[in-house]
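Inspection log for the structure reproduced underneath, given as structure tokens.
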Amino acid sequence: MICLCSLFRLTLILMHLLTLVKTKNDKGLVKLIVKPLTETFCFPPFAEKTRFQYPRDCGQIMLNGVKASGVYTIYINGNKVAPLKVSCDMDTDGGGWLVFQRRQNGGTNFFRPWADYEVGFGDPADEFWIGLAPLHALSSQARYELRVDLRDGGSTAYGYYARFHVGSNTTNYLLRLGPFLGNAGDSLMYHHGRVFSTPDKDNDGSLTNCAESYRGGWWYHNCHQSNLNGRYGDTSHSRGVNWYSWKGHSHSISFVEMKMRPLKLADLRNKRRRKHTQP
Ligand SMILES: *[C@@H]1O[C@H](CO)[C@@H](O)[C@H](O)[C@H]1NC(C)=O
């Protein structure tokens with residue numbers, strides 16, 4: 001079926017033609033002429049389709065053409081009856097990151113019981129923890145990488161881990177990480193292979209209750225080198241939002257985001273980059 005062209009569309013096409021003549025860009029031909037034409041005439045076979053109708057993570061949301069960071073709906077394992085609102089970071093290092101934890105103002109209490117850490121709490125547009133059960137489900141969909149972004153005053157730092165997986169409830173959400181890169185120093189590998197603890201569920205390797213002592217839920221080992229769910233703004237030793245190798249144990253970091261991205265997305269990007277940089 002052929003729809004009527006609007007005057008606006010025709011004007012757009014004319015403008016595109018002019019641009020094309022100016023730039024003589026071959027690649028632009030499809031983008032600038034064919035696409036507006038097919039859109040104008042509503043020619044279904046050439047109309048752009050959403051690639052992933054039920055995106056399972058922010059990588060698929062990005063592949064759907066979304067370029068702005070914000071809160072979007074995903075469907076873990078493509079399960080359309082279980083939508084989940086998540087925060088996507090489309091700006092950092094190529095985008096496609098699903099943010100699963102954020103600290104930025106201390107407005108949300110992170111000193112909470114196991115049940116809360118399991119299902120998640122807070123607001124994905126503000127401070128939140130996505131939940132251990134969703135983290136297990138998300139990180140089991142494919143191979144994921146992890147990024148931790150830290151900001152304090154005027155300075156920023158990041159830590160990157162080439163693999164990220166959180167085990168199921170039967171493992172107490174055991175943390176698995178791949179090799180580290182970044183300029184924040186590595187304060188998480190110490191927690192690799194460790195299970196999660198909360199104040200009311202002490203699974204750590206210490207004689208004391210680390211979660212109770214240090215005011216958060218974490219993959220505590222013999223307590224911690226990082227405590228990103230610690231008490232916001234608390235500068236007493238080990239209790240605050242700490243990343244030891246960047247700011248030590250007595251500095252509570254004012255902005256933190258933890259985020260994950262499918263490794264495949266980075267592979268795609270690297271391939272493209274290699275192709276473009278080859279002589
Ligand atoms: C563990 O998680 C599964 C889903 O992954 C759920 O069906 C089960 O009830 C949970 N078990 C406990 C003890 O919470």
Side-chain angles (χ1 to χ4, degrees), residues 58 69-71 85-93 95-112 116-117 120-132 134-135 138-139 144-161 164 166 173 175 177 180-192 194 196-199 210-211 214-221 223-261:
C58 293
S69 294
V71 175
K85 283 219 156 45
V86 298
S87 169
C88 297
D89 176 350
M90 302 305 199
D91 296 305
T92 305
D93 183 31
W97 296 98
L98 189 158
V99 183
F100 63 84
Q101 186 261 24
R102 185 184 297 116
R103 311 298 297 274
Q104 59 183 13
N105 50 37
T108 301
N109 175 25
F110 276 63
F111 191 48
R112 287 171 180 260
D116 288 2
Y117 268 96
F121 53 84
D123 173 359
D126 188 10
E127 293 197 321
F128 71 101
W129 171 256
I130 203 170
L132 291 162
L135 264 184
L138 283 165
S139 66
Y144 284 85
E145 53 188 2
L146 167 71
R147 185 178 164 108
V148 177
D149 279 306
L150 309 170
R151 195 163 71 222
D152 202 284
S155 56
T156 61
Y158 78 98
Y160 164 86
Y161 297 85
F164 171 66
V166 172
Y173 303 105
L175 175 67
L177 299 169
F180 169 84
L181 276 174
N183 59 7
D186 176 10
S187 288
L188 197 57
M189 199 57 86
Y190 176 73
H191 301 275
H192 166 76
R194 298 291 148 182
F196 209 83
S197 287
T198 52
C210 299
Y214 302 125
R215 297 292 187 264
W218 201 241
W219 297 273
Y220 294 109
H221 180 176
C223 291
H224 74 76
Q225 287 188 4
S226 51
N227 193 35
L228 299 182
N229 293 332
R231 189 154 77 188
Y232 195 87
D234 193 333
T235 54
S236 59
H237 198 278
S238 295
R239 280 192 168 186
V241 181
N242 299 152
W243 187 269
Y244 177 70
S245 51
W246 195 47
K247 296 279 179 187
H249 274 138
S250 302
H251 186 100
S252 189
I253 297 165
S254 61
F255 179 89
V256 176
E257 272 181 352
M258 301 179 77
K259 52 198 78 171
M260 59 196 284
R261 176 170 72 179

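As a basis for the values below, the full set of heavy atoms in this structure was taken, side chains included, without hydrogen atoms, waters or symmetry mates.
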Main chain of Gly240, side chain of Ser252: is a donor-acceptor contact present, judged purely on distance under 3.5 Å?
no
CG/Asp152 to CD1/Ile253 distance, rounded to the nearest 0.5 angstrom?
6.5 Å
Which atom pair, heavy atoms only, marks the closest approach of Met90 to Ser69?
N-OG, 2.8 Å
Got a donor-acceptor contact below 3.5 angstrom from the Glu127 side chain to the Thr108 backbone?
yes
Ser245 side chain vs Gly185 backbone, donor-acceptor pair below 3.5 Å:
yes
Rounded to the nearest 0.5 Å, what separation is found between the OH atom of Tyr244 and the OG atom of Ser187?
8.5 Å
With side chains defined as the heavy atoms from C-beta onward, is the minimum distance between Trp218 and Thr198 less than 4.5 Å?
no
Shortest non-hydrogen contact from Trp243 to Ser226?
CE3-CB, 3.7 Å
Quick check with a 6.0 Å cut-off and a 45 degree axis cone: is Arg102 positioned over the face of Phe128's six-membered ring?
no
From OH (Tyr158) to CG (Leu150), nearest 0.5 Å
12.0 Å
For the side chain of Tyr232 and the backbone of Gln104, is there at least one donor-acceptor N/O pair under 3.5 Å apart?
yes
Using side-chain heavy atoms (C-beta onward) and a distance below 4.5 Å, is Asn227 in contact with Val241?
no
Please evaluate residues Leu175 and His192 with respect to the criterion side-chain contact (heavy atoms from CB on, under 4.5 Å), reporting the C-alpha separation (whole Å), side-chain torsions for both, the decisive distance (0.1 Å), and the verdict.
CA-CA 6 Å; Leu175 175 67; His192 166 76; 5.6 Å; no
Is Asp149 salt-bridged to Lys259, cutoff N-O under 4.0 Å?
yes
To the nearest 0.5 Å, tell me how far Cys223 SG sits from His249 NE2.
9.0 Å
Taking the six-membered ring of Phe110 (Phe, Tyr or Trp), confirm whether the NZ or CZ of Arg231 is under 6.0 Å from its centre and within 45° of its axis.
no
Any side-chain heavy-atom pair from Gln101 and Ile130 closer than 4.5 angstrom?
no
Any donor-acceptor pair under 3.5 Å from Arg112 side chain to Gly216 backbone
no
Would Cys58 and Asp89 count as a side-chain contact (heavy atoms from CB on, under 4.5 Å) here? Give the steps.
CA-CA 8 Å; Cys58 293; Asp89 176 350; over 6 Å; no
Given Phe164, which of Trp97, Phe100, Tyr144, Phe180 fulfils the ring-ring contact (aromatic ring centres under 6.0 Å, His included) condition?
Phe100
Measuring only between side-chain heavy atoms, which start at C-beta, is Arg194 closer than 4.5 Å to Tyr220?
no
For the ring pair His191 and His221, is the centre-to-centre distance below 6.0 Å?
no
For the side chain of Arg261 and the backbone of Leu98, is there at least one donor-acceptor N/O pair under 3.5 Å apart?
no
Sidechain-backbone polar pair: Trp219 side chain, Tyr173 backbone, donor-acceptor under 3.5 Å:
yes
Output the distance between atom CG (Leu228) and atom CG (Asn242), rounded to the nearest 0.5 Å.
8.5 Å
For the residue pair Leu146 and Leu177, establish whether any side-chain heavy-atom pair is separated by less than 4.5 Å.
yes
Within 45° cone of Tyr161 ring axis and under 6.0 Å: Arg147 NZ or CZ:
no
Are any non-hydrogen side-chain atoms of Trp246 and Thr156 less than 4.5 angstrom apart?
no
Flag the pair Tyr190 / His224 as yes when their ring centroid distance falls below 6.0 Å, and as no otherwise.
no
Is there a side-chain contact between Ser139 and Val166 (heavy atoms, below 4.5 Å)?
yes
Kindly compute the distance separating CD (Gln225) from CG (Leu188), expressed to the nearest 0.5 Å.
9.5 Å
